[in-house]
Amino acid sequence: MVPPVTTIKGVSVISIVAWSNSGKTTLFEKVVSRLHKQNIKVGVIKHHSHDTDIDVKGKDSWRYSQAGASPVVISSPTQFSVIRQRPEKEATLVELCEEIADEVDLIITEGYKYEAMSKIEFSRVAHNPKPVEEGEQLIALISDNDERKRAYEKEGIPCFDLDDVDGVSNFLLQFARH
């Protein structure tokens, strides 16, 4: 049975979990595009596990951050970015979701394998045959492992092929706040 989906401030939060370089971003950029065309505002939170600057070293905004400014806002005619220093600890996934929840209908996260959120596993057998997620938070499986898909479907967990943009998009639509 599929567990209830995690919500923060009334917005569904679904984490995509997969082994690195398995192709998850390629599929989900198409899914996000499809949802966007259906007027669904999707926020994406991508975890970067390396301790490196998000800003470009040597640029003015980076220099202001190094001088102690926080936040630093970089703005152009079509977008802006807010950079806040967090010397004490990394922001939690919940904090990040709360930050954007008022602006979106659905939040998709990537790279948060170990956070307790609703998860869709993306797994390609040739890339890494071991499951990424078998926990209670699994709400769907995207895979080319037919045996595993059959087992999960028996448990009521929806399963999709690796290139099923329509199926995954339609599945996510049911969780979007309209």
Side-chain angles (χ1 to χ4, degrees), residues 1-52 54 90-101 104-178:
M1 190 66 166
V2 177
V5 171
T6 305
T7 60
I8 295 177
K9 294 175 77 174
V11 177
S12 295
V13 180
I14 298 172
S15 293
I16 310 309
V17 296
W19 300 114
S20 294
N21 300 315
S22 61
K24 66 188 171 297
T25 303
T26 300
L27 173 67
F28 276 92
E29 70 181 313
K30 294 173 185 172
V31 168
V32 168
S33 178
R34 183 77 41 92
L35 292 171
H36 176 75
K37 289 175 184 168
Q38 296 180 42
N39 296 315
I40 303 299
K41 296 175 189 163
V42 179
V44 174
I45 300 174
K46 170 72 173 108
H47 188 257
H48 183 62
S49 60
H50 306 290
D51 188 19
T52 59
I54 295 171
E90 181 177 358
T92 67
L93 181 54
V94 170
E95 290 172 326
L96 295 170
C97 289
E98 288 173 341
E99 187 76 26
I100 67 170
V104 299
D105 300 315
L106 176 68
I107 297 172
I108 294 175
T109 76
E110 183 183 319
Y112 289 92
K113 286 182 191 140
Y114 307 109
E115 297 279 338
M117 296 283 178
S118 303
K119 297 176 183 174
I120 296 175
E121 179 183 335
F122 182 96
S123 65
R124 184 181 306 275
V125 174
H127 184 71
N128 190 332
K130 295 188 315 187
V132 178
E133 176 66 35
E134 293 190 79
E136 295 176 5
Q137 284 80 25
L138 189 68
I139 63 166
L141 174 68
I142 302 168
S143 181
D144 57 355
N145 184 330
D146 292 334
E147 180 180 330
R148 192 158 168 238
K149 288 192 314 191
R150 280 191 296 276
Y152 278 58
E153 286 170 340
K154 284 181 183 176
E155 296 179 27
I157 296 174
C159 297
F160 303 93
D161 291 330
L162 295 174
D163 59 354
D164 189 358
V165 175
D166 289 334
V168 175
S169 299
N170 290 332
F171 178 72
L172 291 176
L173 263 176
Q174 69 182 309
F175 303 110
R177 175 179 64 182
H178 297 290

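Count residues from 1 along the sequence. Owing to the predicted nature of the structure, the values given are computational and were not obtained by experimental measurement. Basis for what follows: all heavy atoms, side chains included, without hydrogens, waters or symmetry-related copies.
Each of I139, I142, L141 was checked for a side-chain contact (heavy atoms from CB on, under 4.5 Å) with E121, and the lone residue meeting it is L141. Looking at R148, K154, K149 one by one, the single match for side-chain hydrogen bond (donor to acceptor under 3.5 Å, both in side chains) with Y152 turns out to be R148.
Between I45 and C97 there is a side-chain heavy-atom pair separated by less than 4.5 Å. Contact of the L172 side chain with the F28 side chain is registered, since non-hydrogen atoms from C-beta on lie closer than 4.5 Å.
Judged purely by atom type and a 3.5 angstrom limit, R124 has no side-chain atom pairing as donor or acceptor with the backbone of D144. The backbone N or O of K130 sits less than 3.5 Å from a side-chain atom of N128, completing a donor-acceptor pair.
Atom CG of L162 is separated from atom OG of S143 by 6.0 Å, given to the nearest 0.5 angstrom. We find the OG1-NZ distance between T25 and K46 to be 6.0 Å, quoted to the nearest 0.5 Å. For the atom pair OG1 of T109 and CD1 of I16, the computed distance is 7.0 Å after rounding to the nearest 0.5 Å.
The two residues V104 and V42 make their nearest non-hydrogen contact at CG1-C, 4.1 Å. Nearest heavy atom pair, residue R177 against residue G10, reads CD-O, 3.9 Å. Nearest heavy atoms, I100 versus G43: CD1-CA, 4.1 Å.
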